[in-house]
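Reading through the structure tokens given below for one structure.
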Amino acid sequence: MPELPEVEVVRAGLVPVVQGRTIVGVQVLHPRSVRRHAGGPDDFVATLPGRTFGEPRRRGKFLWLPFTDGDALVAHLGMSGQFRVDAADAPLLLHTRVRLDFTDGEPQLRFIDQRMFGGLWLSPGGAEVPSDLAHVAPDLLEPDLDLVGLADSVRRHRSGIKRVLLDQKVVSGIGNIYADEALWRARVHFDTPADGMSRARVLRVLAAAREVMAEALAQGGTSFDALYVNVNGSSGYFSRALSVYGREGLPCPRCGTPIRRVAFANRSSHFCPRCQRRRA
DNA sequence: ACTATATCCTGTATGC
DNA sequence: TGCATACAGGATATAG
């Protein structure tokens, strides 16, 4: 499940693969992988050739690959999206959805997506910041982030803290894994109302989220299976450093109490019932 | 305006 | 063995 660290690994991997290269041909193998594109898959195929990529960028879990003409190719990996670099005549992996060929030949860029929650589209004029991403809040690894302002914006919400952390309009890049990990590090119960938390406590949660995502990034991201890999097909190593996510019944690394998993918003929350008590 | 839920997807794991 | 069900979950449309 690609969250901020995994998407950043992909972005960095794309830089040497696409920057300065010009598209010559596009093949869409599954129409649903072209999303939000105004003219649909046919127009997507027709409009890309001749465009030259600049340096790939990211906000939260969204990627955009600017073109030198001012437009941008926007990408979201969803649950299982991958960019892979391969020889044009290499056999297609199962679930390959889109192929891009370049004027200079090898290698080819491929978009692969098993569960198809991800997708690609062209954003006219989107090279600087695509208009479709205007609602996406800053993420915790942005250099000029106003952390106190962000904490206060979190505290304006009445929902439980985890719901707020997952709301990409409030703070972007955090998904289910790093939300659970950050809350464990900060010793906060996931359902604590955000508007009842002190500024300092929210700041501790945000600092923990930033810390755990930075550590994961340094490890190449979190891989459980073949659904998240970098552009070369390699896995990240952070899954072995997770403290609560996917560890139901295993001892809390801090106090030894068995980790609990409970249903939460169509997914799961993992937490230590002793370290992360719900406050009155 | 704000909050919560259903929906889209497919492969893997589990239960009967 | 085989069939049915649960689960993984990011973003968004829709319902409340």
Side-chain angles (χ1 to χ4, degrees), chain A residues 1-11 28-37 41 58-64 74-83 92-98 111-121 123 130-137 139-140 152-183 190-196 209 213 216 221-229 235 239 242 244-249 259-270:
Chain A
M1 295 120 262
E3 302 180 28
L4 188 155
E6 293 75 33
V7 178
E8 175 57 23
V9 169
V10 171
R11 187 206 66 79
V28 174
L29 294 102
H30 199 302
R32 289 199 66 97
S33 290
V34 177
R35 294 182 181 265
R36 309 198 208 190
H37 186 78
R58 181 191 56 74
R59 174 181 287 175
K61 306 172 200 170
F62 284 87
L63 283 169
W64 72 99
V74 184
H76 199 290
L77 303 179
M79 279 288 291
S80 55
Q82 304 177 2
F83 278 107
L92 290 183
L93 289 174
L94 194 63
H95 311 307
T96 301
R97 309 302 188 189
V98 179
F111 182 72
I112 295 155
D113 192 8
Q114 179 199 99
R115 294 179 192 169
M116 293 204 296
F117 280 20
L120 312 176
W121 66 96
S123 168
S131 55
D132 327 67
L133 274 53
H135 68 288
V136 181
D139 67 59
L140 290 168
D152 287 342
S153 126
V154 166
R155 297 202 303 141
R156 280 195 285 275
H157 292 259
R158 190 176 301 184
S159 306
I161 181 68
K162 180 169 172 180
R163 246 181 234 287
V164 181
L165 291 178
L166 293 175
D167 185 343
Q168 307 296 302
K169 297 186 292 302
V170 179
V171 54
S172 70
I174 303 175
N176 204 39
I177 298 173
Y178 298 114
D180 282 359
E181 293 297 311
L183 290 167
F190 68 90
D191 213 18
T192 308
D195 63 352
M213 290 196 294
T222 301
S223 304
F224 298 109
D225 47 35
L227 290 189
Y228 162 72
V229 293
S235 296
S239 60
L242 295 174
V244 286
Y245 182 87
R247 291 178 42 84
E248 181 184 21
I259 297 300
R260 286 195 56 201
R261 177 173 74 100
V262 297
F264 167 83
N266 278 335
R267 39 182 70 75
S268 297
S269 264
H270 309 74

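Note on naming: letters A, B, ... go to the chains in the order of the sequence lines (proteins, then strands), and numbering restarts at 1 for each one.
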Determine the contact category for A:N176: base if any of its heavy atoms lies under 4.0 Å from a base atom, sugar-phosphate if only primed atoms, P, OP1 or OP2 are that close, otherwise nothing. sugar-phosphate
Out of C:dT12, C:dG10, B:dA6, minimum distance to the side chain of A:H76 belongs to C:dG10
Can you figure out which of B:dA4, C:dT12, B:dC8 approaches the side chain of A:F117 most closely? B:dC8
Say whether, by atom type as modelled, one donor and one acceptor occur between the side chain of A:S80 and the main chain of A:D113 under 3.5 angstrom. no
Looking at every strand, decide which applies to A:S268 at a 4.0 Å heavy-atom threshold: base, sugar-phosphate, or nothing. sugar-phosphate
Any donor-acceptor pair, under 3.5 Å, between the side chain of A:R267 and the base of C:dG10, if you only look at N and O atoms? yes
Does a side-chain N or O from A:Q114 land closer than 4.0 Å to OP1 or OP2 of B:dT10, or not? no
When all nucleic acid strands are considered with a 4.0 Å heavy-atom cut-off, which category describes A:H30: base, sugar-phosphate, or nothing? nothing
Indicate, with a heavy-atom threshold strictly under 4.0 Å, whether A:R35 touches base, sugar-phosphate, or nothing. nothing
Name the residue closer to the 5' end of DNA chain C, choosing between A:M79 and A:D132 according to the nucleotide with the nearest heavy atom. A:M79
Have a look at A:F62 and say if it touches a base, only the backbone sugar-phosphate, or nothing, with a 4.0 Å heavy-atom cut-off. sugar-phosphate
Check the pair A:D139 / A:K61 against salt bridge (Lys or Arg N to Asp or Glu O under 4.0 Å), numbers first and verdict last. CA-CA 9 Å; A:D139 67 59; A:K61 306 172 200 170; over 6 Å; no
For B:dA4 and A:S159 - does any side-chain N or O of the residue sit under 4.0 Å from the phosphate oxygens OP1/OP2? yes
